[in-house]
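Every heavy atom of this structure was used, including side-chain atoms; hydrogens, water molecules and symmetry mates were not.
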Amino acid sequence: MEFKTESDDNYFMNQAIIEAKKSLKEGGIPIGAVLVAEGKILGSGHNRLLQNNSVILHGEMDCIESAGRIRGADYQKSTLYTTLSPCTMCSGAIMLYKIHRVVIGENTTLIGPENLLRENGVEVEIMGMGECRELLEQYIEENPNVWGAELERVGFSTD
């Protein structure tokens, strides 16, 4: 049984928010994700760029890594819930593993290549959740230099 109802999406997005809050508590950027197939969480993760001095441990990458070496068929029937629109790197991993559906908590703070995902057959849904936006906006307000440095590192303008 695959969960695709609004209430199930809310449940799994709340799990991603819990992951985002873990990152914040660890001194990191509050972005979280969970990977779900047939109503079961296969992996969860949060942004660990600062905590691990990493250049690749975005919430989605940490989540996919935590799922382990699962079968391709499991990825293909899974949904990735993420509190923020996935960046190009994370979108590449989504396409590589043929994750068929991505549910995004919010995409107003920073928008990733959502059209690229759609063009490659990924179903993209945006929930527009205020809690996801507020978590990140508060972090940015309190840590503008850290956020600006992370954006600059991946080629985003901070102007």
**Student:** Could you check Glu26 against Arg48 for side chain to side chain contact (heavy atoms under 4.5 Å, CB included), going step by step and ending with a plain yes or no?
**Tutor:** CA-CA 9 Å; Glu26 295 170 358; Arg48 295 178 191 265; 4.1 Å; yes
**Student:** Take Glu114 and Ile104 through the side chain to side chain contact (heavy atoms under 4.5 Å, CB included) test and state the conclusion after the steps.
**Tutor:** CA-CA 10 Å; Glu114 295 166 10; Ile104 299 168; 3.6 Å; yes
**Student:** Might you point out which heavy atoms bring Ala20 and Gly32 nearest each other, and give the distance in Å?
**Tutor:** CB-N, 3.6 Å
**Student:** Cluster question for you: counting only ILVMFWY and a side-chain heavy-atom cut-off of under 4.5 Å, with indirect links fine, are Leu96 and Tyr75 together?
**Tutor:** yes
**Student:** Less than 4.5 Å apart, any side-chain heavy atom of Ile70 and any of Tyr97?
**Tutor:** no
**Student:** According to a 4.5 Å side-chain heavy-atom criterion applied to Ile, Leu, Val, Met, Phe, Trp and Tyr, with indirect links allowed, do Val122 and Val36 form part of one hydrophobic cluster?
**Tutor:** no
**Student:** Using side-chain heavy atoms (C-beta onward) and a distance below 4.5 Å, is Leu135 in contact with Met129?
**Tutor:** no
**Student:** Count I, L, V, M, F, W, Y as connected when their side-chain heavy atoms are under 4.5 Å apart, and connections chain through other members. Are Val124 and Met127 then in the same cluster?
**Tutor:** no
**Student:** Does some side-chain heavy atom of Glu131 sit less than 4.5 Å from a side-chain heavy atom of Met13?
**Tutor:** no
**Student:** Evaluate the criterion side chain to side chain contact (heavy atoms under 4.5 Å, CB included) for residue pair His46 and Lys25; output intermediate values, then yes/no.
**Tutor:** CA-CA 11 Å; His46 53 273; Lys25 191 173 189 176; over 6 Å; no
**Student:** Identify the heavy atoms of Ser91 and Pro86 that sit nearest to each other, and give their distance.
**Tutor:** OG-O, 3.6 Å
**Student:** For a side chain to side chain contact (heavy atoms under 4.5 Å, CB included) check, start with the C-alpha distance between Trp147 and Leu110, then their side-chain angles and the critical distance, and finish with the verdict.
**Tutor:** CA-CA 11 Å; Trp147 181 249; Leu110 187 69; 4.3 Å; yes
**Student:** How long is the straight-line distance from OH of Tyr81 back to CZ of Arg101, given to the nearest 0.5 Å?
**Tutor:** 4.5 Å
**Student:** Quick check for you: to the nearest 0.5 Å, what is the distance between Leu42 atom CG and Leu35 atom CG?
**Tutor:** 5.0 Å
**Student:** Can you tell me how far SG of Cys132 sits from CD1 of Ile126, rounded to the nearest 0.5 angstrom?
**Tutor:** 12.0 Å
**Student:** In the structure I gave you, are the side-chain heavy atoms of Ile99 and Gln76 within less than 4.5 Å of one another anywhere?
**Tutor:** no
**Student:** Report yes if the side chains of Met95 and Glu119 come closer than 4.5 Å at any heavy-atom pair, otherwise no.
**Tutor:** no
**Student:** Mind checking the OG1-CD1 spacing from Thr109 to Ile31? Nearest 0.5 Å is all I need.
**Tutor:** 9.0 Å
**Student:** Which atoms form the tightest heavy-atom contact between Cys63 and Gly43, and what is the distance?
**Tutor:** SG-O, 3.4 Å
**Student:** So do Leu50 and Glu150 actually touch side chain to side chain, heavy atoms under 4.5 Å?
**Tutor:** yes
**Student:** Answer yes or no: does atom CD of Glu142 have more than 12 heavy-atom neighbours from other residues, nucleotides or ligands under 6.0 Å?
**Tutor:** yes
**Student:** Which heavy atom in Gly45 sits nearest to a heavy atom in Asp62, and how many Å separate them?
**Tutor:** CA-OD2, 3.2 Å
**Student:** Is His58 close to Ile29 at the side-chain level, that is, under 4.5 Å between some pair of heavy atoms?
**Tutor:** no
**Student:** Would you say the side-chain atoms of Ser85 pair up with the backbone N or O of Gly112, donor to acceptor, closer than 3.5 Å?
**Tutor:** yes
**Student:** Is it true that Met61 and Val102 fall in one hydrophobic cluster, defined by side-chain heavy atoms closer than 4.5 Å?
**Tutor:** no
**Student:** Side chains of His100 and Thr79, heavy atoms from C-beta outward: is any pair under 4.5 Å?
**Tutor:** yes
**Student:** Drop me the distance from Glu19's CD to Gln15's CD, to the nearest 0.5 angstrom.
**Tutor:** 8.5 Å
**Student:** Shared ILVMFWY cluster between Val146 and Leu24, side chains joined below 4.5 angstrom?
**Tutor:** yes
**Student:** Rounded to the nearest 0.5 Å, what separation is found between the CD1 atom of Ile94 and the CG atom of Leu117?
**Tutor:** 5.0 Å
